[in-house]
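The structure appears below as structure tokens.
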Amino acid sequence: MKLVFERGLEGQFQKIMPECDVPVYEGSDAFKREGKLNLPHLSENELSRHYTEIAKRVHGVNDGFYPLGSCTMKYNPKINEDMAALTGFTGIHPLQPTYSVQGCLEALKVTEEYLAEIAGMDAVTLQPAAGAHGEFTGLLLIKKYLESIGAAERKKIIVPDSAHGTNPASAVMCGFEIVNIPSGEDGCVDLEALKKAVGPDTAGLMLTNPNTVGVFDKNILQITEIVHEAGGLCYYDGANLNAVMGVVRPGDMGFDCIHINLHKTFSTPHGGGGPGSGPVGCKAFLAKYLPGIRVAELEEGLVAGTAEETMGNVKAFGGNFLVVIKAMTYIMTLGREGIPEASKNAVLNANYMMSRLKDLYTMAYDVTCMHEFVMTLDKLHKETGISALDIAKGLLDNGIHPPTMYFPLIVHEALMIEPTETESKESIDAAVEVFRNLYHMAYENPEALHEAPTKTPVRRLDEVRAARTPILKYDFNA
């Protein structure tokens with residue numbers, strides 16, 4: 001496939017943009033580029049073909065089954081997009097007088113209240129732009145609090161070995177040290193290891209629950225109690241909130257703050273670089289440090305202020321505002337009854353799919369799962385030479401996006417599968433048959449799987465070379 005710079009010919013053009021209707025300001029020569037601006041010369045026809053060709057190479061939820069574990073690739077209802085496209089939301093500027101954007105401020109306030117209720121928190125900021133950004137913000141809240149009570153010497157954040165890789169990275173960025181603790185054979189936190197890890201230098205714990213292997217930690221109340229008794233705070237990674245939203249609340253489990261992935265749990269577009277949104281909720285004692293806009297209701301109407309001892313901004317203004325509108329629409333559409341129903345259906349779908357596969361594939365943790373389950377293909381690999389990667393490539397030939405591969409690291413030859421609640425029984429049954437056929441193919445015709453994929457626009461890539469020597473820019477002089 002040609003890049004857009006390689007298409008078209010000099011002199012081709014199109015008139016998509018309207019003629020300029022204001023005086024042209026040339027600016028100082030000091031700010032003008034010295035070389036020629038490299039822009040593709042394309043007719044409207046060629047440009048349309050270019051983007052259509054790109055679209056044909058993309059696999060999204062609208063193309064087929066997308067069981068990407070821990071990512072919650074659910075269908076995004078189109079009503080979300082319709083609401084976010086209303087001119088009252090799109091035609092504003094964040095520096096307008098507050099009296100002229102009362103509806104937008106109300107949308108921010110309402111969404112914060114909804115998320116706080118679902119998470120069991122007292123306050124929420126919508127400013128963080130993604131999940132990891134939310135982690136960073138939540139850890140800064142913890143750091144700010146510890147400094148305010150004279151406990152800045154508490155520098156250690158406890159992170160289980162099954163955690164998302166962003167957890168330790170976010171903690172280090174905030175100046176903390178990482179204490180890694182192992183999981184037990186049941187996939188849950190090892191309580192004895194946790195008790196040994198806490199101490200006077202403990203700043204807090206970062207925990208995902210349900211965890212990365214799809215198990216709800218049965219000792220969750222003991223875990224938060226152990227950390228609190230040691231003087232630390234508890235941070236809830238909300239990546240897997242879709243499994244429990246409306247059923248149980250992290251705040252009631254003893255967590256002090258949480259980030260929530262709107263681009264996962266609350267059905268806003270996901271992938272392709274964003275935009276995402278990772279609001280952070282917290283208990284009342286942390287609220288005065290929150291970043292971003294704090295909407296308050298006065299006699300004259302809603303006003304946008306800041307928290308009492310705010311840490312400052314972590315992004316501009318109200319964060320990715322239109323993403324917030326989509327999430328608000330989703331919550332209001334489902335309502336108090338629909339939110340828990342969605343999470344229960346996510347759990348039902350995952351357990352149904354797991355039960356249909358466990359007679360062939362080995363489950364890393366053969367227990368009732370939550371939103372996702374992890375298979376280990378270690379035995380299959382040793383007996384046939386077919387790896388988790390080979391199965392993933394075989395799925396591509398069957399129109400299925402591969403599950404998350406080789407994660408969590410504590411499971412060898414791992415495939416992490418999350419069907420989400422928006423898949424029908426029929427679509428799950430069809431996916432199960434593909435998985436089962438690939439399993440038999442591993443024994444009967446392994447070479448075919450080693451060659452997969454054969455039906456995709458490109459064949460199997462040299463992933464090591466791509467990782468070590470990536471081409472990150474187009475060379476016009478080549």
Side-chain angles (χ1 to χ4, degrees), residues 1-22 24-66 68 71 73 75-76 78 81 84-85 90 129-130 132 263 268-276 320 322-323 389-406 448-478:
M1 175 181 173
K2 290 183 178 181
L3 299 180
V4 69
F5 297 104
E6 299 168 322
R7 302 181 73 123
L9 296 171
E10 186 80 25
Q12 286 187 339
F13 68 97
Q14 53 187 292
K15 285 195 172 183
I16 293 179
M17 301 295 291
E19 295 292 339
C20 182
D21 59 356
V22 296
V24 176
Y25 176 69
E26 292 292 348
S28 169
D29 289 342
F31 297 106
K32 294 181 180 179
R33 66 170 64 241
E34 296 177 1
K36 177 184 176 183
L37 181 61
N38 291 301
L39 293 175
H41 293 256
L42 297 170
S43 66
E44 186 172 335
N45 186 27
E46 285 298 318
L47 185 64
S48 175
R49 287 175 177 173
H50 172 70
Y51 284 109
T52 299
E53 189 174 0
I54 291 176
K56 289 178 179 177
R57 290 174 173 239
V58 174
H59 184 97
V61 175
N62 55 316
D63 294 294
F65 197 56
Y66 207 132
L68 194 62
C71 290
M73 301 299 285
Y75 173 75
N76 303 151
K78 294 301 175 274
E81 305 295 323
T90 61
H263 49 281
T268 69
H270 186 175
N320 285 330
L322 296 180
V323 177
L389 178 65
D390 292 323
I391 294 294
K393 299 300 185 185
L395 289 170
L396 289 172
D397 273 339
N398 288 273
I400 293 177
H401 192 285
T404 298
M405 298 184 300
Y406 299 119
L449 278 176
H450 285 311
E451 293 295 320
T454 60
K455 302 175 184 177
T456 50
V458 295
R459 298 289 298 276
R460 191 175 297 209
L461 303 175
D462 185 341
E463 297 179 18
V464 174
R465 182 183 174 195
R468 293 182 177 176
T469 57
I471 301 173
L472 301 178
K473 64 179 182 178
Y474 184 74
D475 186 357
F476 287 97
N477 299 316

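We're numbering straight along the sequence, starting at 1.
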Would you tabulate the side-chain donor-acceptor contacts of residues 4-14 under 3.5 Å, counting partners in other chains and residues two or more places apart, or write 'none'?
residue: Glu6; atom: OE1; partner: Leu3; partner atom: N; Å: 2.8
residue: Arg7; atom: NH1; partner: Glu53; partner atom: OE1; Å: 2.9
residue: Arg7; atom: NH2; partner: Glu46; partner atom: OE1; Å: 3.4
residue: Gln12; atom: OE1; partner: Leu9; partner atom: N; Å: 3.3
residue: Gln14; atom: NE2; partner: Leu42; partner atom: O; Å: 3.1

Counting only pairs under 3.5 Å, give me each side-chain donor-acceptor contact of residues 396-404, with atom names and distances, residues two or more places apart or in other chains.
residue: Asp397; atom: OD1; partner: Thr454; partner atom: N; Å: 2.9
residue: Asp397; atom: OD1; partner: Lys455; partner atom: N; Å: 2.8
residue: Asp397; atom: OD2; partner: Thr454; partner atom: N; Å: 2.9
residue: Asp397; atom: OD2; partner: Thr454; partner atom: OG1; Å: 3.4
residue: Asn398; atom: ND2; partner: Gly394; partner atom: O; Å: 2.9
residue: His401; atom: NE2; partner: Tyr66; partner atom: OH; Å: 3.3
residue: Thr404; atom: OG1; partner: Gly69; partner atom: N; Å: 3.2
residue: Thr404; atom: OG1; partner: Gly69; partner atom: O; Å: 2.7

Heavy-atom pair with the smallest gap, counting every atom of Val58 and Asp63: O-OD2, 3.2 Å

Mind checking the [atom1]-[atom2] spacing from [X] to [Y]? Nearest 0.5 Å is all I need.
X: His50; Y: Lys2; atom1: NE2; atom2: NZ; result: 12.0 Å
X: Arg57; Y: Thr52; atom1: CZ; atom2: OG1; result: 13.0 Å
X: His263; Y: Asn76; atom1: NE2; atom2: CG; result: 11.5 Å
X: His450; Y: Lys393; atom1: NE2; atom2: NZ; result: 14.0 Å
X: Leu461; Y: Thr456; atom1: CG; atom2: OG1; result: 8.0 Å
X: Arg49; Y: Glu44; atom1: CZ; atom2: CD; result: 12.0 Å

For Asp29, give me all partners under side-chain contact (heavy atoms from CB on, under 4.5 Å), at least two apart in sequence or on another chain. Lys32

Suppose we screen for side-chain contact (heavy atoms from CB on, under 4.5 Å). Which residues come up paired with Phe31, at least two apart in sequence or across chains? Ser28

Sequence neighbours left out, what pairs pass salt bridge (charged side-chain N to carboxylate O under 4.0 Å, His left out) with at least one residue falling in residues 464-476? none

Using a 6.0 Å cut-off, check whether atom CD1 of Ile471 has over 12 heavy atoms from anything other than its own residue. no

Under the rule for salt bridge (charged side-chain N to carboxylate O under 4.0 Å, His left out), what residues qualify as partners of Glu34, not counting sequence neighbours? none

Would you find a donor on one side and an acceptor on the other, under 3.5 Å apart, between the side chain of Arg459 and the backbone of Glu451? yes

